[in-house]
Every structure is written in C-alpha cells, then in structure tokens.
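Data block below; observations after.
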There are 2 protein chains.
Amino acid sequence: MRRAEADPAIESRRKEPVPIETDPVIEALVQDIIGKVADRWTMLILEALQERGTLRFTQLGKAVGRISQKMLTQTVRQMERDGLVRRTVHPVIPPRVEYTLTPLGESLSAAFCGVWIWAETHHAEIQRARDAFATVGKA
Amino acid sequence: MRRAEADPAIESRRKEPVPIETDPVIEALVQDIIGKVADRWTMLILEALQERGTLRFTQLGKAVGRISQKMLTQTVRQMERDGLVRRTVHPVIPPRVEYTLTPLGESLSAAFCGVWIWAETHHAEIQRARDAFATVGKA
DNA sequence: TCCAACACTCTCCTTTTGGTGCGTATAAAT
DNA sequence: ATTTATACGCACCAAAAGGAGAGTGTTGGA
C-alpha cells in the first residue's frame with residue numbers, strides 16, 4: 001500500500017502517560033469502533049481508497065478484490081456513517097457514485113499503515129512459527 | 001492501554017518507496033495475516049497481555065472482558081500458532097497455564113497501538129459523524 | 001467421602017456474516 | 001424496439017462465528 005507517515009498527533013500521544021480513561025462509556029465506544037474498524041473489508045476498502053484516491057462503486061469493488069456487491073455496499077455505508085468516506089452521488093443516468101476518504105478516513109488509514117507494514121515485515125516469521133508449530137504438533 | 005512507541009523498523013519502512021510487492025503469494029499471505037490479526041478478540045487479548053505481562057487462562061479472560069471460554073481458547077491457540085504468544089503449561093494439579101507475548105506479539109501490539117490511540121483520539125468525531133448521518137437520514 | 005480448583009473440551013443452539021441471483025430506473029446507443 | 005450501462009435493494013440460503021452449559025481429570029483439603 002501507499003505509505004503514510006505516522007500521524008504526529010498519534011506519535012505524541014504514544015509518549016504521554018496513559019490517561020485514566022476508565023470511563024466505561026468511552027471504553028465501550030472505543031471498543032465498538034475497534035470492532036467495526038478492525039474488519040477485513042473496512043481495512044481493504046480503506047487501503048484501496050488511500051492508494052487510488054477517488055473511485056466509483058465498480059472500480060472500488062475491483063480494487064478490493066474478491067468482494068460481493070452486498071458486502072461492498074454494506075461496508076462502504078457503514079464507513080460513510082462513521083465519517084470515514086464521502087459518498088458523492090451524481091444524479092445522472094446511468095448512476096455515478098464516487099467514494100473518497102475523508103480526512104478522518106485518511107488518518108485511520110495512516111494508523112493502520114503500521115499494521116500493514118508489520119504484516120509485510122513479519123510474514124516470514126509468522127510462516128516459520130506456523131511451520132514450527134505444525135512440526136511440534138506432529139512429533 | 002499501555003503506550004508503546006512506534007516501532008523504528010516500521011517507521012523507517014514508512015519512508016521507503018512502496019516496494020513492487022505484487023507477488024501474489026506474499027500478498028495472499030499478508031491478507032491472511034491481516035484477516036486473522038485484525039480480529040476483535042486477537043486485538044483485545046494482545047492488549048491485555050501487553051498491559052499486564054503474563055496472565056493465566058482465567059485472569060486473561062477477566063482482563064479481556066466479555067469473552068467466552070471457547071473464544072478465549074480458540075483465539076489464544078491461533079495466536080500461539082502464529083507465534084504471537086507463548087503458552088506455558090505447568091504440569092501441576094490443578095493445571096496452571098500461563099500466557100505471555102512473544103517479541104513478535106509485542107511488535108504487533110506496538111503496531112496496533114496506533115489504531116487504539118486513533119480510536120481514543122477520534123471517537124468524539126465519529127460520534128458526531130454518526131449523529132449527523134442520522135439527522136440527515138431522518139430529514 | 002466429597003467437594004473445589006483450573007483449564008480446558010464437547011455438544012447443541014442462536015446469531016451474524018456473506019454469497020447468489022433477480023429486480024429496477026432510464027437515457028443513450030444500436 | 002431492444003439492449004447496455006450503473007449502483008444498488010431485496011429475498012433467500014449456506015457457512016461461520018460465537019455463546020451456554022455440561023463434562024473431565026486429578027489432587028489436596030474439609
């Protein structure tokens with residue numbers, strides 16, 4: 001994926017002491033967000049839009065890969081609700097709908113970028129761990 | 001969660017040009033990893049173990065929150081397979097099993113830390129987006 | 001003698017996720 | 001007159017995720 005530098009706002013907060021932050025309401029909301037956002041399709045769509053800017057429905061589907069129309073609409077709508085993407089409908093025929101990341105979406109994408117890079121960096125290590133586990137299991 | 005500074009290895013790779021990296025095998029593996037790792041329970045367990053170091057089965061369950069035994073064992077086993085946690089069985093009665101992050105697990109946790117902070121930082125913004133969406137929807 | 005403790009496993013059940021295929025609107029192109 | 005293109009919504013179905021609760025093995029304590 002296209003690289004995004006670590007968000008300075010996030011980097012500075014990494015260094016701060018952990019806030020008390022045990023407000024259960026906030027905690028629940030954060031967990032809810034993580035639950036929605038740490039979703040396969042969300043991550044893939046995020047990546048596709050960050051890489052290629054603005055995309056129409058069908059293009060987005062192709063960019064993501066193996067995704068059904070249903071999942072695409074569903075996920076993209078949820079992302080719109082959460083303010084991650086902007087959906088622009090051009091009232092023409094045939095319909096033309098364009099999707100772009102909002103600044104909020106871009107910032108999330110930057111935050112996830114670290115995870116993608118982690119996966120790219122460590123996939124061999126994981127493969128080795130799996131092989132080792134399988135070997136021990138059989139032995 | 002406890003803060004981890006951005007992994008320098010990841011930060012340096014952010015600045016590199018995007019590798020060609022269209023090897024479909026690697027791509028598939030990376031996507032598989034993302035699929036497994038970007039899972040609600042995995043993230044929560046990762047967080048719990050990073051925060052509190054070593055935990056026994058039941059303690060880990062409590063630290064995570066609302067998780068069934070089934071999901072806990074299942075997820076933790078997958079994480080062991082992937083080399084993210086080390087599982088130490090003490091052959092005593094009653095049984096005593098301890099879970100700790102491996103260095104690989106720690107590095108993933110650091111990568112995810114950015115996403116947690118993102119969620120903590122932007123949850124209000126998301127809430128606003130949701131409210132706005134709901135209002136427009138009704139209008 | 002019997003229960004408690006721990007870390008599970010197993011079975012059964014419900015919920016969620018995701019796929020497939022069909023329908024729709026309508027202007028332009030054939 | 002018919003087809004094509006686009007971005008869906010909807011109904012139906014299969015598969016996977018996940019929860020609840022019971023069972024297990026062993027030993028030390030009441």
Side-chain angles (χ1 to χ4, degrees), chain A residues 28 31-46 48-49 52-82 84-101 133 136-137, chain B residues 28 31-46 48-49 52-82 85-100 133 136-137:
Chain A
Q31 287 223 9
D32 171 69
I33 291 170
I34 294 287
K36 289 230 168 75
V37 131
D39 164 80
R40 204 187 150 204
W41 300 127
T42 304
M43 288 188 65
L44 291 174
I45 290 171
L46 219 47
L49 287 178
R52 313 164 86 138
T54 298
L55 288 174
R56 298 180 59 179
F57 185 80
T58 310
Q59 295 174 329
L60 181 55
K62 282 181 187 163
V64 168
R66 307 208 150 278
I67 185 171
S68 65
Q69 287 189 339
K70 184 183 167 183
M71 277 300 100
L72 184 54
T73 350
Q74 213 173 91
T75 310
V76 120
R77 282 285 158 63
Q78 181 64 50
M79 292 172 77
E80 193 195 359
R81 239 163 280 158
D82 292 341
L84 300 175
V85 301
R86 186 170 33 255
R87 180 162 166 274
T88 316
V89 183
H90 297 90
V92 296
I93 294 206
R96 176 186 189 82
V97 181
E98 290 178 334
Y99 297 93
T100 318
L101 291 186
F133 192 90
V136 173
Chain B
Q31 287 222 9
D32 171 69
I33 292 171
I34 295 285
K36 288 229 168 76
V37 132
D39 163 80
R40 202 186 151 205
W41 300 127
T42 304
M43 290 189 62
L44 292 173
I45 291 173
L46 219 48
L49 287 178
R52 314 164 86 138
T54 297
L55 288 175
R56 298 180 58 179
F57 184 80
T58 311
Q59 295 174 330
L60 181 54
K62 283 182 185 161
V64 168
R66 309 206 150 278
I67 185 172
S68 65
Q69 287 190 338
K70 184 183 167 181
M71 277 300 101
L72 185 53
T73 0
Q74 212 173 93
T75 311
V76 120
R77 282 284 159 60
Q78 181 64 51
M79 293 172 77
E80 194 195 357
R81 238 163 281 159
D82 290 342
V85 302
R86 185 169 34 254
R87 179 163 166 273
T88 315
V89 183
H90 297 91
V92 296
I93 296 214
R96 176 184 189 82
V97 181
E98 291 178 334
Y99 297 93
T100 317
F133 192 89
V136 173

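Residue numbering restarts at 1 for every chain, and letters A, B, ... go by the order of the sequence lines.
- For the OP1/OP2 pair of dA7(C) and a distance below 4.0 Å, the side-chain nitrogens and oxygens of T73(B) include no atom meeting the criterion.
- Put simply, R96(B) has no side-chain N or O that comes within less than 4.0 Å of OP1 or OP2 on dT26(D).
- Phosphate proximity of dG9(D) to R77(A): present, with a side-chain N or O under 4.0 Å from OP1 or OP2.
- How far CG of L55(A) is from OG1 of T100(A): 8.5 Å, rounded to the nearest 0.5 Å.
- Taking side-chain N and O atoms only, S68(B) has no distance below 4.0 Å to OP1 or OP2 of dA20(D).
- Q69(A) places its CD atom 14 Å from the C1' atom of dG18(C), with the value rounded to the nearest Å.
- When all heavy atoms of F57(B) and Q69(B) are compared, the closest pair comes out as CZ-O, 4.1 Å.
- Rounded to whole angstrom, the span from the CG atom of L72(A) across to the C1' atom of dG19(C) amounts to 14 Å.
- When the nearest nucleotides of DNA chain D are assigned to R87(A) and K70(A) by heavy-atom distance, the more 5′-ward of the two goes with R87(A).
- Rounding to the nearest 0.5 Å places NZ of K62(B) at 11.0 Å from CZ of R52(B).
- Residue Q74(A) contributes atom CD, which lies 8 Å from atom C1' of dG18(C) at whole-angstrom precision.
- Side-chain nitrogen and oxygen atoms of R56(B) include none within less than 4.0 Å of the OP1 or OP2 phosphate oxygen of dC6(C).
- For the OP1/OP2 pair of dT17(C) and a distance below 4.0 Å, the side-chain nitrogens and oxygens of W41(A) include no atom meeting the criterion.
- For P95(A), taking side-chain heavy atoms from C-beta onward, the closest of the listed nucleotides dG18(C), dC8(C), dT6(D) is dT6(D).
- With rounding to whole Å, Q78(B) atom CD is found 11 Å from dA17(D) atom P.
- The shortest side-chain heavy-atom distance between L44(A) and I67(A) does not fall under the 4.5 Å cut-off.
- For the pair T54(B)/T88(B), no side-chain contact is recorded, criterion being any heavy-atom separation below 4.5 Å from C-beta on.
- Rounded to whole Å, the distance from CD1 on I67(B) to P on dA17(D) is 14 Å.
- We find that CD1 of I93(B) is positioned 19 Å from P of dC3(C), with the value rounded to whole Å.
- Taking atom CZ of residue R40(A) and atom P of nucleotide dG19(C), one finds them 8 Å apart after rounding to whole Å.
- One atom, CG of D39(A), and another, C1' of dT17(C), lie 10 Å apart when rounded to the nearest Å.
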